[in-house]
Amino acid sequence: MSSNQPGVQSRPTSYACPELFLDIERVLGVAARQTIRAAFGFDPAAPLVVSLVLVVEGGPRVLWRIGRDLMKQGLRSASGLGDVQMWPARPGEGGTAWLQLASQDMAALFELPVPPLEEWLEHTYELVPAGRELAQVDWDITTANLPAGS
């Protein structure tokens, strides 16, 4: 049983998914771009999300949690609403995709290479297949921790 997530059973460590490190481009303007190091992570104990850590040289590390399904769909077609949106740069070609991240005070647009990200995401689906993300949840324990309704 995971100590920080009531009702979620830990998966064996053999299910670990290595991080994916990519250099991605932040679009600053029509002709201005900034290369940023991105680390994509996946934890089979929290399989609905992918973590994305953006590392700007000389700046803070920024963590975003993005829906795994949103990211997979965004490689091939428009996906997401609001703070996180993703879509292919050139539909049908599969070379790059756009990722837009927005918060209350700013928004940023990134161009991501599709092939390594797609291969890495497929590995996450081998570890935890689509539709099986909540299979390890002990619903009796989870619902016992919910406050009683009035």
Side-chain angles (χ1 to χ4, degrees), residues 2 4-11 13 15-139 142-143 145-147:
S2 176
N4 60 358
Q5 294 181 352
V8 178
Q9 298 175 1
S10 298
R11 294 189 200 298
T13 56
Y15 287 101
C17 184
E19 282 185 297
L20 172 67
F21 295 95
L22 294 175
D23 287 331
I24 64 174
E25 298 286 322
R26 179 175 179 204
V27 179
L28 301 172
V30 174
R33 291 176 175 243
Q34 174 186 23
T35 300
I36 294 178
R37 190 70 167 162
F40 295 84
F42 176 74
D43 180 358
L48 293 171
V49 297
V50 168
S51 63
L52 169 59
V53 177
L54 302 170
V55 182
V56 179
E57 191 172 323
R61 298 169 67 95
V62 178
L63 170 66
W64 281 81
R65 297 201 192 280
I66 301 171
R68 183 172 68 149
D69 289 345
L70 181 154
M71 187 166 279
K72 182 179 179 183
Q73 180 183 339
L75 296 176
R76 299 287 172 227
S77 63
S79 180
L81 297 171
D83 294 349
V84 179
Q85 297 180 42
M86 193 166 168
W87 64 96
R90 290 165 206 83
E93 290 184 25
T96 62
W98 299 111
L99 173 65
Q100 181 173 292
L101 303 174
S103 66
Q104 294 175 352
D105 53 352
M106 70 171 288
L109 180 63
F110 301 93
E111 189 169 11
L112 313 174
V114 169
L117 185 55
E118 185 173 46
E119 182 179 322
W120 180 82
L121 277 171
E122 285 305 317
H123 182 62
T124 72
Y125 282 98
E126 291 170 8
L127 295 175
V128 181
R132 301 286 302 154
E133 293 91 349
L134 300 177
Q136 297 297 318
V137 175
D138 182 332
W139 290 106
T142 301
T143 55
N145 293 326
L146 295 174

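Since the model is a prediction, treat every value here as computed from it, not as a measurement. Numbers for residues simply follow the sequence, beginning at 1.
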**Q** Report yes if some heavy atom in the side chain of Trp87 is under 4.5 Å from a heavy atom in the side chain of Leu99; otherwise report no.
**A** no
**Q** Flag the pair Ile24 / Thr35 as yes when at least one side-chain heavy-atom distance between them is below 4.5 Å, and no otherwise.
**A** no
**Q** So which atom in Val128 and which in Arg68 form the shortest heavy-atom distance, rounded to 0.1 Å?
**A** O-NH2, 2.9 Å
**Q** Are Cys17 and Trp120 close enough that some pair of their side-chain heavy atoms sits under 4.5 Å apart?
**A** yes
**Q** Tabulate below the donor-acceptor pairs under 3.5 Å that side-chain atoms of residues 38-61 make, not counting sequence neighbours, or state none.
**A**
unit_1, atom_1, unit_2, atom_2, d
Asp43, OD1, Ala45, N, 2.9
Ser51, OG, Gly41, O, 3.4

**Q** Using a strict 4.0 Å threshold on nitrogen-to-oxygen distance, state whether Arg76 and Glu118 make a salt bridge.
**A** yes
**Q** Considering only distance and modelled atom types, tabulate donor-acceptor pairs under 3.5 Å from the side chains of residues 101-115, sequence neighbours left out.
**A**
unit_1, atom_1, unit_2, atom_2, d
Ser103, OG, Asp105, OD1, 2.9
Glu111, OE1, Arg33, NH1, 2.5
Glu111, OE1, Arg33, NH2, 3.1
Glu111, OE2, Thr96, OG1, 2.8

**Q** Do you know the tightest heavy-atom contact between Gly74 and Ala97?
**A** O-CB, 4.1 Å
**Q** Which atom names give the shortest non-hydrogen contact between Gln73 and Ala78, and what distance separates them?
**A** NE2-O, 3.0 Å
**Q** Would Met71 and Met86 satisfy side chain to side chain contact (heavy atoms under 4.5 Å, CB included), going step by step from the backbone distance to the final call?
**A** CA-CA 7 Å; Met71 187 166 279; Met86 193 166 168; 3.9 Å; yes
**Q** Work out which heavy atom in Ile66 is nearest to a heavy atom in Leu70; give both atom names and the distance.
**A** CG2-CD2, 4.0 Å
**Q** Begin from the C-alpha positions of Gln85 and Ser79 and carry the test side chain to side chain contact (heavy atoms under 4.5 Å, CB included) through to its verdict.
**A** CA-CA 6 Å; Gln85 297 180 42; Ser79 180; over 6 Å; no
